[in-house]
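In what follows, a structure is listed as structure tokens, so that the remarks can point back to it.
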2 protein chains.
Amino acid sequence: MFSIGELSKRTGVKIPTIRYYEQKGLIDEPERSAGNQRRYTKAGLNQLSFIRHSRDLGFTIDDIKGLLELSRHPEKPCHDAHSIAVRHLHDVQDRITKLRRLERELKRISKCDSGYVAECAVIEALADHEICIGEH
Amino acid sequence: MFSIGELSKRTGVKIPTIRYYEQKGLIDEPERSAGNQRRYTKAGLNQLSFIRHSRDLGFTIDDIKGLLELSRHPEKPCHDAHSIAVRHLHDVQDRITKLRRLERELKRISKCDSGYVAECAVIEALADHEICIGEH
DNA sequence: CTTGAAGCTATAGCTGCTAGAGGGATTATA
DNA sequence: TATAATCCCTCTAGCAGCTATAGCTTCAAG
């Protein structure tokens, strides 16, 4: 049995965040001590690790709810888990593409060798979308 | 003189968002019609275009406040604008790196050829951080 | 048995918007 | 000029995913 502080240390999830997950129905409500403090088991630890890991990978709370639900039913077909992961992969790839375009634009913009705002390429580029390389 | 709807159409910024920017002190309060409706000038349009473009490039509201402030003082040296842009560039590059790692991980994870949750690589990988390729 | 750390609930705040209610203003047409 | 359609107004609340604070209670070590 761990306290919430113990759980926090072991998973790297902050205490208020754990309580937030509980409130959102992401983790099961743990048992309580005589004095109403949360007491977690190994199962709770595993669940939270799963969540932590999934959040690190950028899955939303709702995605994770779905994944957790699935993991509770090992006998079910797994194409749902699959499609959540694939959808998320596409999402990530999309974000990468967009950020790359941005990177190019920012690199161009920040190559300003004027000393004053009046001729600064940064300000100019922001004021005038027309002079951008591609769209974003 | 444009109405807020006109301004919205011309800049692609939604009406409530324009009002939100005003409230946040990002744009100047425009004049009002006799019936208390906002009336914008060309200057307001330019300002909002600047903001729109900057937001598209991922600058925060605070960044933009700084940039706008600078653009109002063309006689000042521009290294501040510069450092805002460069900082943001680093930020973007950082995010790209992280997302690339994620992409690799998700690609690996979503190559699941089992049919059931019990042996599904997605679920398994999420439950057990140890089997990840790198850190994230 | 005391004391200090850790936990409790409830509420509010953060960013960057978006949506809705319940009204008033403007404008185009009849 | 009347009226209907469309626009705009303010105010409030909500979204994700937390984080912080206040004011209190409980736990564990000495």
Side-chain angles (χ1 to χ4, degrees), chain A residues 1-27 29-41 44 47-48 50-68 84 87-88 91-92 95 98 102 136, chain B residues 1-27 29-40 44 47-48 50-68 84 87-88 91-92 95 98 102:
Chain A
M1 289 293 212
F2 329 109
S3 67
I4 197 168
E6 264 294 306
L7 190 68
S8 171
K9 255 176 227 149
R10 292 192 191 219
T11 57
V13 180
K14 285 179 189 153
I15 292 174
T17 307
I18 297 174
R19 292 197 274 242
Y20 170 76
Y21 288 160
E22 182 184 323
Q23 188 200 304
K24 288 269 132 181
L26 210 55
I27 54 181
E29 289 191 20
E31 286 177 42
R32 299 287 183 128
S33 73
N36 201 35
Q37 301 194 350
R38 289 170 180 81
R39 290 296 175 259
Y40 296 91
T41 61
Q47 216 178 18
L48 190 56
F50 184 103
I51 293 168
R52 164 85 213 263
H53 192 187
S54 305
R55 284 295 300 138
D56 277 353
L57 291 173
F59 288 96
T60 65
I61 301 261
D62 267 359
D63 282 342
I64 298 172
K65 266 189 194 169
L67 291 166
L68 278 169
I84 291 173
R87 177 164 47 72
H88 186 50
D91 204 71
V92 165
R95 264 150 67 201
K98 281 188 186 135
L102 228 93
H136 35 241
Chain B
M1 289 295 212
F2 330 109
S3 67
I4 197 169
E6 264 294 305
L7 191 68
S8 170
K9 255 177 225 146
R10 292 190 191 218
T11 57
V13 180
K14 285 180 191 154
I15 292 174
T17 307
I18 297 174
R19 293 197 275 242
Y20 170 75
Y21 288 159
E22 183 183 322
Q23 189 200 303
K24 288 271 132 180
L26 212 53
I27 54 181
E29 290 190 21
E31 287 177 40
R32 299 287 182 127
S33 74
N36 200 34
Q37 300 195 351
R38 289 170 180 82
R39 291 293 177 262
Y40 296 91
Q47 215 179 20
L48 190 57
F50 185 103
I51 294 167
R52 166 83 213 264
H53 192 187
S54 305
R55 284 295 301 137
D56 277 354
L57 291 173
F59 288 95
T60 65
I61 301 262
D62 267 359
D63 282 342
I64 298 173
K65 266 189 195 168
L67 291 167
L68 278 170
I84 291 172
R87 178 165 48 71
H88 187 49
D91 203 73
V92 165
R95 266 148 68 200
K98 282 191 185 132
L102 227 93

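Naming convention: chains lettered A, B, ... in sequence-line order (proteins, then strands); numbering from 1 in each chain.
Note: CD (B/Q37) to P (D/dT6) measures 16 Å, nearest angstrom. Counting to the nearest Å, the P atom of D/dT26 and the CZ atom of A/R32 are 13 Å from each other. One atom, NZ of B/K9, and another, P of D/dC7, lie 6 Å apart when rounded to the nearest Å. The separation between B/F2 atom CZ and D/dC8 atom P is 13 Å, rounded to whole Å. As a whole-Å value, the separation of A/K65 NZ from D/dA16 C1' is 12 Å. Straight-line distance from the CD1 atom of A/I27 to the P atom of D/dC18: 12 Å, rounded to whole Å. Atom CD1 of B/I4 and atom C1' of D/dC7 are 11 Å apart (whole Å). In this entry the distance linking CG of A/D63 with C1' of D/dG17 reads 14 Å, nearest Å.
The phosphate of D/dA16 (OP1 or OP2) has no side-chain N or O of A/T60 nearer than 4.0 angstrom. Note on A/R38: every side-chain N or O is 4.0 Å or more away from OP1 and OP2 of C/dG7. Here A/S33 reaches the OP1 or OP2 of D/dC27: one of its side-chain N or O atoms lies under 4.0 Å away.
Side-chain contact check for A/Q37 versus A/I4: every heavy-atom pair is 4.5 Å or farther apart. Side-chain contact between A/V13 and A/Y21: present, with at least one pair of heavy atoms (C-beta onward) separated by less than 4.5 Å.
Each of A/R19 and A/N36 lies near DNA chain D, and the nucleotide nearest A/R19 is the one positioned closer to the 5' end. Comparing B/K24 and A/Y40 by the nucleotide of DNA chain C whose heavy atom lies nearest to each, the residue mapping closer to the 5' end is A/Y40.
Looking at B/K65, its side chain does come within 3.5 Å of a backbone N or O of B/K24 through a donor-acceptor pair. A distance-only check finds a donor-acceptor pair linking the side chain of A/S54 to the backbone of A/F50 [under 3.5 Å]. Of the possible donor and acceptor atoms, none in the side chain of B/T11 sits under 3.5 Å from a partner among the backbone N and O of B/L48. Under the 3.5 Å distance criterion, the side-chain polar atoms of B/R55 are matched with a main-chain donor or acceptor of B/F59.
A salt bridge between A/R87 and A/D91 is absent, with no side-chain N of the basic residue lying under 4.0 Å from a carboxylate O of the acidic one.
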Table of protein N/O atoms under 3.5 Å from nucleotides 17-19 of chain C N/O atoms:
residue	atom	partner	partner atom	Å
C/dC17	OP2	B/Y21	OH	2.9
C/dC17	OP2	B/R55	NE	2.5
C/dC17	OP2	B/R55	NH2	3.4
C/dT18	OP2	B/T17	OG1	2.7

Please write out each protein N/O paired with an N/O of nucleotides 28-30 of chain D under 3.5 Å, distance rounded to 0.1 Å.
none

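Smallest separation of non-hydrogen atoms from B/I18 and B/I27: O-CD1, 3.6 Å.
Atom OG of residue A/S3 and atom CZ of residue A/R38 lie 11.5 Å apart, to the nearest 0.5 angstrom.
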